[in-house]
Peer 1: 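I am attaching a structure below and will ask some questions about it afterwards.
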Amino acid sequence: MPELPEVETTRSGIEPHIKSRQVTEVLVRQPRLRWPVPADLPAHVQGQVVESVTRRGKYLLLNFGNGTVLLHLGMSGSLRMVAASQPAGKHDHIDFIFDSGTCLRLKDPRRFGAVLWAGPDPLNHKLLINLGPEPLSDSFTGEYLRKRAIGRAVAVKNFIMNGRTVVGVGNIYANEALFAAGISPTRSAGKISLKRYLLLAAAIKRILAEAISRGGTTLKDFVGGDGEPGYFKQQLNVYGRAGQGCVNCGAILKEKRLLDRSTVYCGFCQR
DNA sequence: ACGAAGCCCTGCAAGC
DNA sequence: TGCTTGCAGGGCTTCG
């Protein structure tokens, strides 16, 4: 599934192909995504020129002179640049066709993604306005986490997966970052020391930054073909390894469900 | 205000 | 082989 590194790699992959290009047509084959694609979205976008492609959390923003398209890939979404003449596959729900003859095509089999029209002030859109800091920004620190966690009983894994705390930390990276920081995923957020939050913030930054830098080489082909950009196959120490040995101590990794999400951890290395 | 459950959806794997 | 069943999960929304 697209995690923040994949979304950022998608952003940097598509921007050169659509920036300064004019949209000639928007085709919505399947409007039933996470929310219905607004019926007037094509009318807003057609004829407009892409000024930039930016990202906020896992949302992609196609910025036009008259407003912004918010785009979320959900669990199974992907974007590719294809020739507008290329036949659409079963789950190719939306095309943005450009004056260059190329087409930005959204494929999303499970339809957990979203495509919305946000108007000219997208950061104040209700989906974005309450989002926490970007994990790779200077405002995301261990001190910040500790401060926000005061008095919170929620499990720390759920705390860091909450977009109001910090954006872009999905289930896989939450598992991996907590392992790297030696913190039990079930520990109450309010009962973790500043020292350990410093480790956790650093782990989140390091893991995401590594994935993004690797994405630049492993996921760069957004053009042509009828495939789709494959997501990173990265080194995972705990996620998907329940029942196997801890890479640190060899103990059998345990699995629990937190908020109905698979949670894998080492009962010895994580406290 | 907080925390947890519910919900949207379909590809895939496992079981019969 | 072909069906049925269960599972996966981002994150907004609702409920207690």
Side-chain angles (χ1 to χ4, degrees), chain A residues 1-8 10-11 28-38 55-61 70-79 88-94 106-116 118 122-135 145 147-178 185-192 204 208 211 227-234 236 238-243 255-264:
Chain A
M1 60 235 60
E3 292 269 0
L4 184 140
E6 285 87 346
V7 177
E8 174 57 26
T10 297
R11 187 205 66 75
V28 180
R29 300 185 190 82
Q30 171 56 279
R32 294 178 53 223
L33 303 182
R34 174 72 168 82
W35 298 281
V37 178
R55 181 184 60 74
R56 180 72 176 96
K58 293 182 186 172
Y59 289 89
L60 287 170
L61 288 70
L70 289 185
L71 200 154
H72 197 290
L73 298 176
M75 289 190 51
S76 60
S78 61
L79 286 169
K90 182 178 178 184
H91 301 295
D92 291 335
H93 303 316
I94 299 183
L106 173 71
K107 175 180 180 177
D108 186 7
R110 294 187 191 179
R111 292 197 269 132
F112 274 34
V115 177
L116 298 169
L123 295 182
N124 284 323
H125 189 278
K126 70 169 190 171
L127 291 175
L128 304 187
I129 192 168
N130 289 314
L131 293 181
E134 291 288 330
L145 281 177
K147 195 169 185 178
R148 280 209 59 131
I150 291 172
R152 300 287 300 275
V154 67
V156 62
K157 175 168 178 266
N158 298 342
F159 175 64
I160 61 171
M161 287 182 67
N162 185 336
R164 294 187 178 216
T165 303
V166 57
V167 297
V169 180
N171 193 46
I172 295 173
Y173 290 123
N175 277 295
E176 295 298 319
L178 287 165
T186 57
R187 182 168 296 279
S188 289
K191 295 188 174 179
I192 294 171
I204 289 170
L208 291 176
E228 59 189 291
Y231 297 122
F232 307 160
K233 289 197 169 49
Q234 58 189 83
L236 299 176
V238 286
Y239 183 81
R241 296 193 66 244
E255 180 164 24
K256 283 186 179 176
R257 313 237 9 127
L258 259 51
L259 285 184
D260 212 24
R261 298 292 184 266
S262 172
T263 305
V264 187

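Just so we're clear, the structure is a prediction, and the values are computed from it rather than from any experiment. Just so we're on the same page: letters track the sequence lines, and every chain starts at 1.
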Peer 1: So, is A/Lys58 close to the C/dG11 phosphate, meaning a side-chain N or O under 4.0 Å from OP1 or OP2?
Peer 2: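 For C/dG11, OP1/OP2 do have a side-chain N/O of A/Lys58 under 4.0 Å.
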Peer 1: Between A/Asp108 (CG) and B/dG11 (P), how many Å, whole number?
Peer 2: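 So the CG-P distance, A/Asp108 to B/dG11, works out to 11 Å.
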Peer 1: Starting at the 5' end of DNA chain B, which residue's closest nucleotide do you reach first, A/Arg152 or A/Asp260?
Peer 2: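 Mapping each residue to its closest nucleotide by heavy atoms, the 5'-most match is A/Arg152.
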Peer 1: Ignoring backbone atoms, establish whether A/Tyr173 has a side-chain N or O less than 4.0 Å from OP1 or OP2 of C/dG9.
Peer 2: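 For A/Tyr173, the contact criterion (side-chain N or O under 4.0 Å from OP1 or OP2 of C/dG9) is not met.
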Peer 1: Roughly, in whole Å, what's the span from CG in A/Leu33 to P in C/dG11?
Peer 2: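 Rounding to the nearest Å, CG of A/Leu33 and P of C/dG11 are 15 Å apart.
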Peer 1: To the nearest angstrom, how far is A/Asn158 atom CG from B/dA4 atom P?
Peer 2: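 After rounding, the reported distance stands at 7 Å.
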Peer 1: Are the side chain of A/Asn175 and the backbone of A/Gly240 linked by a donor-acceptor contact shorter than 3.5 Å?
Peer 2: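 Not confirmed, A/Asn175 side chain does not pair with A/Gly240 backbone.
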Peer 1: Counting only N and O atoms by type, is there a donor-acceptor contact under 3.5 Å from the side chain of A/Asn171 to the main-chain atoms of A/Arg261?
Peer 2: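 Such a contact is absent between A/Asn171 side chain and A/Arg261 backbone.
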Peer 1: Just N and O in the side chain of A/Lys126: are any of them under 4.0 Å from OP1 or OP2 of C/dT13?
Peer 2: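 The answer is yes; a side-chain N or O of A/Lys126 sits under 4.0 Å from OP1 or OP2.
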Peer 1: So for A/Arg164 and C/dG11, does any side-chain atom that can act as donor or acceptor lie under 3.5 Å from a complementary atom in the base?
Peer 2: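 Result: no qualifying N/O pair found.
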Peer 1: How many angstroms lie between atom CG of A/Leu106 and atom NE2 of A/His93, to the nearest 0.5 angstrom?
Peer 2: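 Spacing of CG (A/Leu106) from NE2 (A/His93) equals 6.5 Å.
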Peer 1: Under 5.5 Å centre to centre and under 30° between planes: does that hold for A/Phe112 and the six-membered base ring of C/dG11?
Peer 2: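 Stack criterion not met.
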Peer 1: Rounded to the nearest Å, what distance is computed from the CD1 atom of residue A/Ile160 to the P atom of nucleotide C/dG10?
Peer 2: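 In whole Å, C/dG10 P and A/Ile160 CD1 are 13 Å from each other.
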Peer 1: Below 3.5 Å, does any donor atom in the side chain of A/Arg261 face an acceptor in the base of C/dA8, or the other way round?
Peer 2: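 Answer is no: no donor-acceptor pair is held.
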Peer 1: Using a cut-off of 4.0 Å on non-hydrogen atoms, how would the nucleic acid contact of A/Phe159 be classed: base, sugar-phosphate, or nothing?
Peer 2: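 Answer is nothing: A/Phe159 stays at 4.0 Å or more from every strand.
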Peer 1: In whole angstrom, give the distance that lies between atom CG of A/Asn162 and atom P of C/dT13.
Peer 2: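 Taking atom P of C/dT13 as the reference, CG of A/Asn162 is at 13 Å.
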Peer 1: Which is more 5' along DNA chain B, the nucleotide nearest A/Arg111 or the one nearest A/Gly151? Just name the residue.
Peer 2: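 Going by which nucleotide is closer to the 5' end, it is A/Gly151.
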Peer 1: Between A/His72 (NE2) and C/dG11 (C1'), how many Å, whole number?
Peer 2: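 In whole Å, C/dG11 C1' and A/His72 NE2 are 7 Å from each other.
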Peer 1: What's the closest nucleotide to the A/Tyr239 side chain, out of B/dG11, C/dG9, C/dG10?
Peer 2: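 The closest nucleotide is C/dG9.
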Peer 1: Could you tell me if the side chain of A/Pro38 sits less than 4.5 Å from the side chain of A/Leu116, heavy atoms only?
Peer 2: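 When only atoms from C-beta onward are counted, A/Pro38 and A/Leu116 do touch, with a gap below 4.5 Å.
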Peer 1: Figure out the CE/C1' separation between A/Met161 and C/dG11, and round it to whole Å.
Peer 2: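 Answer to the nearest Å: 9 Å.
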Peer 1: What is the distance, to the nearest angstrom, from the CG atom on A/Leu259 to the C1' atom on B/dG6?
Peer 2: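 To the nearest whole Å, that distance equals 11 Å.
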Peer 1: Choose from B/dC9, B/dT10, B/dG3 the nucleotide whose nearest atom is closest to any side-chain atom of A/Arg32.
Peer 2: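 Ranking B/dC9, B/dT10, B/dG3 by closest atom to the A/Arg32 side chain puts B/dC9 first.
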Peer 1: Any side-chain N or O of A/Arg110 under 4.0 Å from OP1/OP2 of C/dG9?
Peer 2: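 For C/dG9, OP1/OP2 do not have a side-chain N/O of A/Arg110 under 4.0 Å.
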Peer 1: Using 0.5 Å steps for rounding, measure from the OG1 atom of A/Thr10 to the CZ atom of A/Arg55.
Peer 2: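 These two atoms lie 10.5 Å from each other.
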